[in-house]
2 protein chains.
Amino acid sequence: MSKPIVPKSTFMNLSEEKRSRILREAVREFADKGFQKASLNAIVARVGIAKGSLYQYFDNKEALFLFVFDRFTDLVKEVLAEAAAASLEADFFGQVRVAVQAGLAFIDRHPEYYEIYLKLLFEQAVPQREDLIGKVRLFSRDYFGPLCEEGRRQGQVRRDLPTEMVVFVLDAVLDRFLQGYAKSYLDSGLALAGKSRSELAAAVEAVIDILRDGLAPKQG
Amino acid sequence: MSKPIVPKSTFMNLSEEKRSRILREAVREFADKGFQKASLNAIVARVGIAKGSLYQYFDNKEALFLFVFDRFTDLVKEVLAEAAAASLEADFFGQVRVAVQAGLAFIDRHPEYYEIYLKLLFEQAVPQREDLIGKVRLFSRDYFGPLCEEGRRQGQVRRDLPTEMVVFVLDAVLDRFLQGYAKSYLDSGLALAGKSRSELAAAVEAVIDILRDGLAPKQG
DNA sequence: CACTATAATGACCACCTGGTCACATGGCAA
DNA sequence: TTGCCATGTGACCAGGTGGTCATTATAGTG
């Protein structure tokens with residue numbers, strides 16, 4: 001277990017309203033600029049507090065960022081738990097479907113947190129970057145790993161494939177689907193962002209169909 | 001057709017050796033820091049020229065970056081052409097295999113250029129970012145689009161799938177495979193970076209196998 | 001009220017950035 | 001040698017950064 005990120009006590013003593021205002025503006029700034037280019041000056045200006053105050057709540061920029069990222073992982077955990085609960089009865093590909101929909105819902109609800117994650121993926125010199133990404137990737141493996149094992153046991157997933165390979169392909173397609181939803185230049189022409197809910201659902205079905213049966217035509 | 005990026009004439013008059021030294025250090029810096037955080041001071045210091053000189057070769061940071069990125073697209077074009085030439089006789093999945101191997105070879109040969117591309121994906125406020133990414137994505141669609149059409153005509157690809165859908169899945173899996181090769185935290189436990197050439201080839205086969213036949217067991 | 005502990009403040013610091021420009025340098029022509 | 005002009009130079013600029021700290025304001029207690 002990793003230790004929870006806890007800001008200085010002064011921050012926790014603030015009113016809920018002020019705390020969430022600070023969090024909101026910090027999230028916005030990090031989402032907009034990434035860790036490196038995010039400006040503490042911009043944050044305090046928008047929140048309407050002095051820079052010195054921010055430094056009484058957090059030791060430095062890194063601590064603020066880690067706190068924000070910790071909230072992000074909390075939200076991911078939340079959404080994943082919901083997804084798991086909603087798909088208890090579903091079979092393997094049904095659970096994959098629920099996972100995709102959970103991802104889409106996350107982006108709808110928390111686009112700025114998702115943006116922070118995307119920026120983190122390839123930005124350099126972010127404190128503990130690999131750890132942070134690893135934490136999120138671990139969610140995915142904790143979710144898909146057992147799912148694949150179970151799917152294999154139940155005969156819904158081929159037994160001749162190593163589990164990591166299955167997880168890799170699921171990861172690849174699901175992540176790219178979400179990225180394409182958030183960034184249209186990554187959707188390979190699917191125009192995911194502009195789709196209605198039902199069109200989106202159809203696209204999800206098509207992707208899952210390919211995951212299930214592959215690109216080649218069936219042959220007895 | 002987009003116009004070629006041409007630096008100021010002073011740069012072209014430089015000796016080949018000096019030009020390539022400048023290019024090399026610029027590539028290194030952009031790969032390391034991304035566009036925003038890349039430091040012209042660092043570049044000129046490493047090249048051993050005055051900052052004013054750099055500004056006689058390029059109008060500004062943006063022009064230098066565009067020049068570097070233009071070299072990147074040249075290299076991609078080169079590798080793709082090689083791949084296309086090497087797979088003239090191959091069937092659909094054979095050509096996919098060649099494309100993956102071409103990508104791996106590119107990363108081996110030009111890791112820093114690939115790094116620049118990855119950073120560009122989610123960095124903000126890079127001049128003409130969407131255009132630049134679009135240019136690279138277009139390569140992919142120009143390569144996979146016709147490939148899919150042909151594969152479908154020849155009966156190697158299911159006819160009930162929209163071409164964009166097929167391209168999307170190919171893109172997703174291939175890109176993630178390359179990203180996992182370059183960044184181990186994205187390989188879902190496959191440990192691609194540490195693999196020998198033959199192990200890597202085996203992993204490629206496994207992925208293509210899934211792309212062809214899917215995750216579900218065959219059933220008559 | 002006075003006293004105290006805590007919190008809020010913003011001027012200030014050293015450092016770095018992309019970009020400029022007046023000047024120095026060097027090679028070539030007359 | 002003299003003049004010329006393209007090229008090379010680095011001190012300099014305004015503006016921004018993360019971070020500090022002496023000072024002020026506030027709230028709670030006796």
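Note that the structure is predicted; figures quoted are calculated from it, not measured. A note on names: the letters A, B, ... follow the listed sequences, proteins ahead of strands, and every chain is numbered from 1.
A salt bridge is defined here as a Lys NZ or Arg NE, NH1 or NH2 lying under 4.0 Å from an Asp or Glu carboxylate O, and B:R46 with B:E29 meets this definition.
Using a 4.0 Å heavy-atom criterion, one finds that B:A42 contacts no nucleic acid atom at all. Here A:Y57 lies in heavy-atom contact (under 4.0 Å) with sugar-phosphate atoms only. As judged by a 4.0 angstrom heavy-atom cut-off over every strand, A:A45 is placed among residues making no nucleic acid contact. Nucleic acid contact class of A:K18 (heavy atoms, under 4.0 Å, all strands): sugar-phosphate only. Heavy atoms of B:F58 sit nowhere under 4.0 angstrom from any nucleic acid atom. Base engagement by B:K51 is indicated by at least one non-hydrogen atom pair under 4.0 Å involving a base atom.
B:F35 places its CZ atom 14 Å from the P atom of C:dT17, with the value rounded to the nearest Å. Nucleotide C:dG19 holds its P atom 6 Å from the CG atom of B:L40, rounded to whole Å. For the pair B:E29 CD and C:dC16 C1', the computed distance is 13 Å after rounding to whole Å. When the P atom of C:dC16 is taken as reference, atom CD of B:Q36 falls 19 Å away, rounded to whole Å. In this entry the distance linking NZ of B:K37 with P of D:dG16 reads 15 Å, nearest Å. As rounded to whole Å, 13 Å separates atom C1' of D:dT20 from atom CG of A:D59. If you measure from atom CG of A:L54 to atom P of C:dA7, you get 15 Å, rounded to the nearest angstrom. Straight-line distance from the CD atom of A:E62 to the C1' atom of D:dG19: 14 Å, rounded to whole Å.
Remark: aromatic rings of B:Y114 and B:Y181 are distant, center separation not under 6.0 Å. Taking the six-membered ring wherever Trp is involved, the centroid distance between the rings of B:F72 and B:F106 falls below 6.0 Å.
Under 4.0 angstrom from either OP1 or OP2 of D:dT7 there lies no side-chain N or O belonging to B:T10. The phosphate of C:dA7 (OP1 or OP2) has no side-chain N or O of A:Y55 nearer than 4.0 angstrom. Look at B:N41 and you'll find a side-chain N or O under 4.0 angstrom from OP1 or OP2 of C:dT17.
Distance from the side chain of B:I49 is smallest to D:dT9 among C:dT9, C:dG19, D:dT9. Looking at the side chain of A:K61, the nearest of the listed nucleotides D:dG18, C:dG18, D:dG8 is D:dG18. Distance from the side chain of B:A50 is smallest to D:dG10 among C:dT9, D:dG19, D:dG10.
The cationic atom of A:K61 (NZ for Lys, CZ for Arg) lies less than 6.0 Å from the six-membered ring centre of A:F35 and within 45° of the ring axis. For A:R71 and A:F67, the positive end sits near the middle of the six-membered ring, less than 6.0 Å away and at most 45° from its axis.
Summary of the strand contacts: B:Q56 and A:S53 both lie near DNA chain D, and taking for each the nucleotide with the nearest heavy atom, the more 5' one is attributed to B:Q56.
By the neighbour-count criterion of 12 heavy atoms within 6.0 Å, atom CZ of B:R19 is densely surrounded, having more than that number from other residues, nucleotides or ligands.
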